[in-house]
Amino acid sequence: MLKPATTDIEALKILDGRLRWLSAWTIHYANHVRDNDDGLKVGGHQASCASMSAIMAALYFHALGENDRVAVKPHAGPLLHAIHYLLGSQSLEALENFRGFGGAQSYPSRTKDRIQVDFSTGSVGLGVAVTLFASLVQDYLTAHGWLEDKDRGRFVALIGDAELDEGNVYEAIIEGAKHDVKNLWWIVDYNRQSLDAVSADRMFERFDEIFRSCGWRVVELRYGKRLQAALDKNPNLKSWLEKLSNAELSALHYQGGAALRTRIAADLGKAGAAFLKAHDDDALAALFADLGGHCMETLTQAFDAADDDVPTLFIAWTIKGYGLPFAGHKDNHAGLMNPTQITALRKVMGVREGHEWEPLEGIGGNARPGVEALIDRSRIAREKRARAFGSLAVPDIPTPAGDQQSTQAAFGRILLDLSKAGGGLADKILTTSPDVTVSTNLGAWVNQRGLFDRRDMPDVFAQAKIASAQKWSAANSGQHVELGIAENNLFLMLAAAGLSGDLFGTRLFPVGTLYDPFIARGLDALNYACYQDARFLLVATPSGITLGPEGGAHQSINPPLIALGQPGLRHYEPAFADELAAMMEEAFRLIDDPAGESTYLRLSTRAIRQAERPDDLWRDGALAGGYWLRPPAAGAEAAIIAMGAVMPEAIAAWEELSADIPGLGLLSVTSPDLLHRGWTAAQAARWHGERRPSHIERLLSVLAPSAGLVTIADAAPATLSWLGGVLGQRVAPLGIERFGQTGNLADLYAAYRLDGSAIAEAIAELLLLA
Ligand SMILES: Cc1ncc(C[n+]2csc(CCOP(=O)(O)OP(=O)(O)O)c2C)c(N)n1
Ligand SMILES: [Mg+2]
């Protein structure tokens, strides 16, 4: 990259000021100028923005290439909006409506902001780590011939220093080291303040070591050029400064030049006298504020120097609230300037009253062309990038043969069959798993398609002719990304791979597997992936207490409830292999559909007798959330409603009870999530005059209005108990409410009331009370 001309540096400094002003004003306008009918605090983070305006100016108007993608520290969102405002790609209206309905979002959002946002951020730490997995996906696409070198880029995360306390950051860099991930710039806004307080002094040297040992280059930008020169001339001053604690330094920044003078005089005595004499208070304050992250020369030189692909951590020292009245104050995280303070800042910034929103306000005639040229040359996308959907026709997925099957085994079989059949979908599937590839039945697929690694790695065991069902050689044509046991990383990998169409123009079909209970370990990352509308198939298996001897620590109870409350994720829970095949086909279709979503399949290791199907009529119902496996008579007084692995108990109970209860129905629920969504959507539609019953209303309306429903699932009973609310029918919900334990199925089902006698008792009670 060319060294910037001096005029560019000057223009970048002006842009730094513009970003600092516009971000402060956007937040001020929302809090103090715009009407506020409900009296709620609007909020925003003026100090967090001021902290990194120079870093973002240097990045967006100097260092970024057109293929580079950035995750912006959540509370620096207004700076990103200001950048797009200067570029002409953000509207005044959206800025005036910052944090308002339909306005610029508080934290950058891929889906809700009208500007191009590469990665949403908000939950700190996740936006940082997702860039690493995006870089891995970039390598994957290149290795498979789907991304040309000229289209490759760098992945940049702009990080608050407190974000480095999030453990998921370290899980990610460890995984990244295994995969030799490159092309990353993580830039820490090292303002030494978090939300509550000034950060601990001790940790920062350790961060360097941790990153270095994972193969990163660490570049510390501690001082700006002027401060560095002053300290070089005054070694005493330098050692004085470097002995100050984070809290002392922050307090001095806040107190300003006079306090600095008093402190230096007290601490250095004669040794500081000449230096103090040469600087008045204002000069002192300005000099000590010249930290690396505020010095344009320092920033641009550091970015220019890192022109290879080595993953690089920049630690840019800054002052939180730089240039604002609460700079350095420990309580400034959510601090807002009052009208008097913003007026003072406006004047300092050379902004005329009434011209606060002018993009280039206050820039003199001589400087303007340079600034405009830099804005023109910025290589970031000005328009929101189109999303890549509809890339291929998902083929029919046949049901694996076998009278007795578990959904988990059928899943492995379906992928194997897909692999053998070949074709576009099979080639675009990327599988990944956090060290449970074999135990979630992905092994056969991996044998066929291989592990992904940019370096070919032979299977040492196979070469030594040691018998093993798993043949694990790795090559850059492999399609399985094996992860260590860190479920957060699985979800971040799914987030990145699930955005491959958006980030790189080629849609992958990511399939991730893990044990159902460990969804909870990565839940925030799963939510994060869904929030960004990443598209993937999550296969969670085994699940429930049905995994028997594995015991309580591995038995999942609440994931169906999690799924019920998780936007962007469709839960399917098949009982039979043919349902599973239909659901996988649907899930792949949904990945590639603009109006689609991600899918979560909750599977089981229990082999059960497969349903005999007279026709295909069940299929649409199964994909819509449920169907009558044993249709009830019209006006029937009772029905059994069952989901997933306990279907054999439900069928057996139905066979036993239907002699005594005429017309008893058995409803197979395949997605409580879809049924619930359909129900509430139909209600909402009715308020707007549309009278179409939802799928579950139609299913249940066959029964008598006073019918009793026994629901049963190997999950929290609330998963299905709400069905009683649909038409006001009475419900006896069976399910798991206590932690599981080891045991065989008969003992466990009896102890946890998931068996035929529990169903019979529940129905009897409902009918007696009718
Ligand atoms: C996972 C998560 N926990 C808590 C928060 C609330 N929060 C927002 S910002 C912040 C501290 C930010 O400090 P730092 O990262 O240093 O940012 P800066 O100083 O630049 O504002 C916290 C705790 C959050 N957004 N995400
Ligand atoms: Mg901070």
Side-chain angles (χ1 to χ4, degrees), residues 19-20 23-24 27 41 43-56 59 70-80 99 105-109 119-131 157-172 186-201 203-204 207 220-222 245-247 249-251 253-254 291-294 313-324 326-336 488 491-492 495 520-529 531-532:
L19 296 184
R20 197 152 6 103
S23 58
I27 297 166
K41 178 186 167 179
H45 302 89
Q46 289 172 330
S48 305
C49 288
S51 191
M52 63 172 4
S53 55
I55 295 172
M56 286 180 70
L59 198 63
V70 190
V72 177
K73 173 183 90 165
H75 26 303
L79 285 173
L80 184 65
R99 289 187 169 228
Q105 300 294 298
S106 337
Y107 308 114
S109 165
F119 302 98
S120 302
T121 51
S123 177
V124 299
L126 298 178
V128 181
V130 79
T131 58
L158 297 170
I159 313 176
D161 51 335
E163 287 195 74
L164 290 177
D165 284 334
E166 288 288 1
N168 82 274
V169 169
Y170 305 96
E171 293 181 349
W186 286 1
I187 306 170
V188 182
D189 173 0
Y190 187 40
N191 58 30
R192 304 165 313 286
Q193 285 182 239
S194 59
L195 187 157
D196 279 337
V198 177
S199 346
D201 295 283
M203 237 355 253
F204 238 77
F207 289 135
E220 190 179 15
L221 310 177
R222 183 158 184 172
S245 68
N246 286 341
L249 191 56
S250 289
H253 284 313
Y254 175 68
L291 298 180
H294 300 306
L313 180 76
F314 296 95
I315 300 175
W317 283 59
T318 56
I319 298 168
K320 191 156 174 170
Y322 178 81
L324 309 187
F326 38 58
H329 195 291
K330 70 183 178 59
D331 303 336
N332 66 8
H333 184 75
L336 296 172
N488 252 300
F491 291 114
L492 290 170
R521 179 70 77 104
L523 198 49
D524 195 25
L526 169 62
N527 179 60
Y528 177 65
Y531 182 69
Q532 308 202 67

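Counting begins at 1 with the first residue of the sequence. First listed ligand is number 1; within each ligand, the first listed atom is number 1.
Atoms of ligand 1 found under 4.0 Å from any heavy atom of A162 (numbered from 1 in listed order, with element): 13 (O), 14 (P), 15 (O), 16 (O). Every atom of ligand 1 is numbered from 1 in the order shown, and the set under 4.0 Å from a heavy atom of Q193 is 13 (O), 14 (P), 16 (O), 19 (O). Residue contact check: H333 has heavy atoms under 4.0 Å from atoms 9 (S), 12 (C), 21 (O) of ligand 1. Within the listing of ligand 1, atoms 18 (P), 19 (O), 20 (O) sit less than 4.0 angstrom from a heavy atom of N191. Close contacts of ligand 1 with E163, meaning ligand atoms under 4.0 Å from a residue heavy atom, involve 15 (O).
Under the 3.5 Å distance criterion, the side-chain polar atoms of N168 are matched with a main-chain donor or acceptor of G125. Between the side chain of E163 and the backbone N or O of V124 there is no donor-acceptor pair closer than 3.5 Å. Using a distance-only test at 3.5 Å, with no hydrogens or angles considered, a donor-acceptor pair links the side chain of K73 to the main chain of S48. The backbone N or O of V128 sits less than 3.5 Å from a side-chain atom of T131, completing a donor-acceptor pair. With K320 contributing its side chain and S194 its backbone, the two residues share a donor-acceptor pair below 3.5 Å. Of the possible donor and acceptor atoms, none in the side chain of Y531 sits under 3.5 Å from a partner among the backbone N and O of T121. At least one donor-acceptor pair under 3.5 Å links the side chain of Y528 to the backbone N or O of S120. Side chain of Q193 to main chain of H329: a donor-acceptor pair is present (N/O by atom type, distance under 3.5 Å, no hydrogens or angles).
Using a 4.0 Å heavy-atom cutoff, S51 is absent from the residues neighbouring ligand 1. Residue-ligand proximity: S123 is placed with a non-hydrogen atom under 4.0 Å from ligand 1. Assignment of M52 to the shell around ligand 1 is not supported, since no heavy atom sits closer than 4.0 Å.
The proximity of K320 to ligand 1, defined as any non-hydrogen pair under 4.0 Å, is limited to the side chain. Neither the backbone nor the side chain of H45 comes within contact range of ligand 1; no heavy atom lies under 4.0 Å. Contacts of D189 with ligand 1, taken as heavy-atom pairs under 4.0 Å, involve the side chain alone.
Here T318 contributes atom OG1 and N191 contributes atom CG; the two are 4.0 Å apart, rounded to the nearest 0.5 Å. The distance from the CG atom of L526 to the CG atom of N488 is 10.0 Å, given to the nearest 0.5 Å.
With respect to atom 4 (C) of ligand 1, the closest heavy atom belonging to the protein is V124 CG2, 4.6 Å. The nearest protein atom to atom 25 (N) of ligand 1, hydrogens excluded, is given as G122 O, 2.9 Å; this is a heavy-atom distance. Annotation: atom 17 (O) of ligand 1 to nearest protein heavy atom, H75 NE2, 2.9 Å. Remark: minimum distance from atom 16 (O) of ligand 1 to any protein heavy atom is reached at D161 OD1, 2.5 Å. What sits closest to atom 21 (O) of ligand 1 on the protein, heavy atoms only, is S48 OG, 2.7 Å. Looking from atom 20 (O) of ligand 1 to the surrounding protein, the closest heavy atom is K73 NZ, 2.7 Å.
Of the N and O atoms on the side chains of N246 and S199, not one donor lies less than 3.5 Å from an acceptor on the other residue.
Using a cut-off of 2.8 Å, one finds that S48 contributes no N/O/S atom close to the Mg ion (ligand 2). Among the backbone and side-chain atoms of D189, no N/O/S atom is found under 2.8 Å from the Mg ion (ligand 2). Distance check for S199 against the Mg ion (ligand 2): none of its N/O/S atoms falls below 2.8 Å.
No other N/O/S atom of D161 lies as close to the Mg ion (ligand 2) as OD1 does.
The option from N168, L195, I159, T318 that lies nearest to atom 7 (N) of ligand 1, judged by heavy atoms, is L195.
Between W317 and L249, the closest heavy-atom pair is CZ3-CD2, 4.1 Å. For Y170 against F207, the heavy-atom pair with the smallest separation is OH-CE2, 2.9 Å.
Note: angle at the Mg ion (ligand 2), from O of Q193 to OD1 of N191, is 90° (rounded to 10 degrees).
In this structure, atom 11 (C) of ligand 1 has a protein heavy-atom contact shorter than 4.0 Å.
Within a 6.0 Å radius of CZ in R521, other residues, nucleotides and ligands contribute 12 heavy atoms or fewer.
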